[in-house]
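Shown next, in structure tokens, is the structure this report addresses.
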Amino acid sequence: MNSIMRKTVRGTATGLGALALIAGASACGAIGDLAGGGEGGDDPSAEQPAEDEGGESEGSEGEDAEGSESEDAEGSASEDAEGSESEGSASEDAEGAEGDDAAGGSEGEPVAEEDLTAAGDQAFEFVKAAATGEAETACSLAMDPTTGSGMSGSNLESCVAGFEESAEEAGTEFDPSVADALDRSMVETSDNGDGTAAVSLGGVDAGFAMVQGEDGKWYVDSAGLI
């Protein structure tokens with residue numbers, strides 16, 4: 001491996017490391033939102049009827065207890081049925097969304113040749129930007145898991161900060177002249193069979209894949225790095 005390729009690989013690795021951190025943080029945030037969605041809500045099962053002290057006969061207490069148990073059983077059965085219907089609907093919706101969002105077609109369908117070319121063009125731009133330390137450009141060419149398109153706004157800023165921090169920690173030195181030495185033919189793409197495109201750099205697995213965004217453009221699959 002010559003010096004140009006070593007610098008390219010190091011820069012690419014730095015960029016991928018920053019993307020993995022952002023994707024991981026986004027995933028954790030999404031999980032946290034789902035887990036926290038129920039906090040502060042009322043738990044129907046926690047509501048208990050107040051106990052009356054003194055003055056009520058044992059017969060009345062027995063009738064109230066039986067009535068309460070019957071109502072609880074009916075309510076539980078109704079909630080279970082509704083929950084089952086909701087889960088079934090959610091499952092169907094999720095399956096439909098996966099089929100619609102799959103890049104280049106659903107799983108098992110080939111990615112069109114023109115899409116592989118477009119993915120390769122974007123992958124080359126990412127590699128070139130990462131290898132020369134153009135953090136903002138590299139990050140903008142990666143998929144933002146929260147939007148389905150290229151990173152922007154606060155996530156882009158976080159990615160750039162992570163890129164620069166990773167480079168400093170690894171002692172990576174960027175050479176702008178590397179961009180002139182890189183050629184599009186060094187980057188090749190192939191169909192992964194799941195709607196994404198595998199990327200190779202100089203005939204070696206580049207360590208990342210490309211995925212098609214909701215805007216039709218191809219981006220580095222940052223979610224696939226975690």
Side-chain angles (χ1 to χ4, degrees), residues 1-26 103-104 111-192 196-213 215-226:
M1 182 182 292
N2 58 37
S3 61
I4 295 298
M5 186 58 71
R6 280 197 296 271
K7 292 178 180 179
T8 300
V9 171
R10 288 176 181 173
T12 301
T14 299
L16 295 178
L19 295 179
L21 291 175
I22 295 301
S26 298
V111 177
E113 193 62 35
E114 57 267 28
D115 283 330
L116 288 176
T117 299
D121 291 342
Q122 289 288 84
F124 174 67
E125 292 301 323
F126 169 77
V127 169
K128 185 167 63 173
T132 55
E134 296 292 333
E136 185 170 348
T137 298
C139 289
S140 68
L141 292 169
M143 175 75 80
D144 185 337
T146 64
T147 65
S149 60
M151 287 195 181
S152 61
S154 59
N155 276 350
L156 176 62
E157 294 175 358
S158 297
C159 180
V160 170
F163 186 102
E164 295 173 346
E165 183 177 348
S166 297
E168 183 177 353
E169 291 178 352
T172 303
E173 297 183 1
F174 298 104
D175 182 0
S177 65
V178 170
D180 297 328
L182 295 177
D183 186 81
R184 171 64 177 84
S185 62
M186 298 172 64
V187 174
E188 297 181 350
T189 51
S190 58
D191 188 357
N192 266 333
T196 64
V199 180
S200 62
L201 180 60
V204 179
D205 182 8
F208 67 95
M210 302 296 290
V211 63
Q212 196 170 29
D215 56 3
K217 298 180 180 179
W218 288 81
Y219 298 96
V220 176
D221 185 12
S222 54
L225 300 174
I226 58 176

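All residue numbers refer to positions in the sequence shown, counting from 1. Both backbone and side-chain heavy atoms feed into the values below; hydrogens, waters and symmetry mates do not.
In terms of heavy-atom proximity, Phe174 sits nearest to Ala167 at CE1-CB, 3.6 Å. Here the closest non-hydrogen pair linking Asn192 and Ala209 is ND2-CB, 3.9 Å. Nearest heavy-atom pair across Ala135 and Phe163 is CB-CD2, 3.5 Å. Annotation for Pro176 and Thr132: closest pair O-CG2, 3.9 Å, computed over non-hydrogen atoms. Taking both residues in full, the closest heavy atoms of Leu141 and Gln122 are given as CD2-NE2, 3.7 Å, listed atom of the first, atom of the second, then distance. Pairing each heavy atom of Gly207 with each of Leu16, the nearest pair is O-CD1, 4.1 Å.
In this structure, Thr189 contributes its side chain and Leu116 its backbone to a donor-acceptor pair below 3.5 Å. At distances below 3.5 Å, not a single donor-acceptor pair connects side-chain atoms of Arg6 with backbone N or O atoms of Val9.
Atom OG of Ser149 is separated from atom CD of Gln212 by 12.5 Å, given to the nearest 0.5 angstrom. Rounding to the nearest 0.5 Å gives a distance of 12.5 Å between CE of Met151 and CD of Glu157. Between the OG1 atom in Thr8 and the CG atom in Leu201 there is a gap of 6.5 Å [rounded to 0.5 Å].
Contact annotation: the side chain of Val187 never approaches that of Phe126 to less than 4.5 Å [non-hydrogen atoms, C-beta and beyond]. With contacts defined as side-chain heavy-atom distances shorter than 4.5 Å, the pair Asp221/Leu225 does not qualify. Under the 4.5 Å side-chain criterion, counting only non-hydrogen atoms from C-beta, Asp121 is not in contact with Trp218. The shortest distance between side-chain heavy atoms of Val199 and Met210 falls below 4.5 Å.
For the side-chain contact (heavy atoms from CB on, under 4.5 Å) test with Ser222, the passing option among Pro145, Cys159, Cys139 is Pro145; the others fail.
By the neighbour-count criterion of 12 heavy atoms within 6.0 Å, atom CD of Glu114 is densely surrounded, having more than that number from other residues, nucleotides or ligands.
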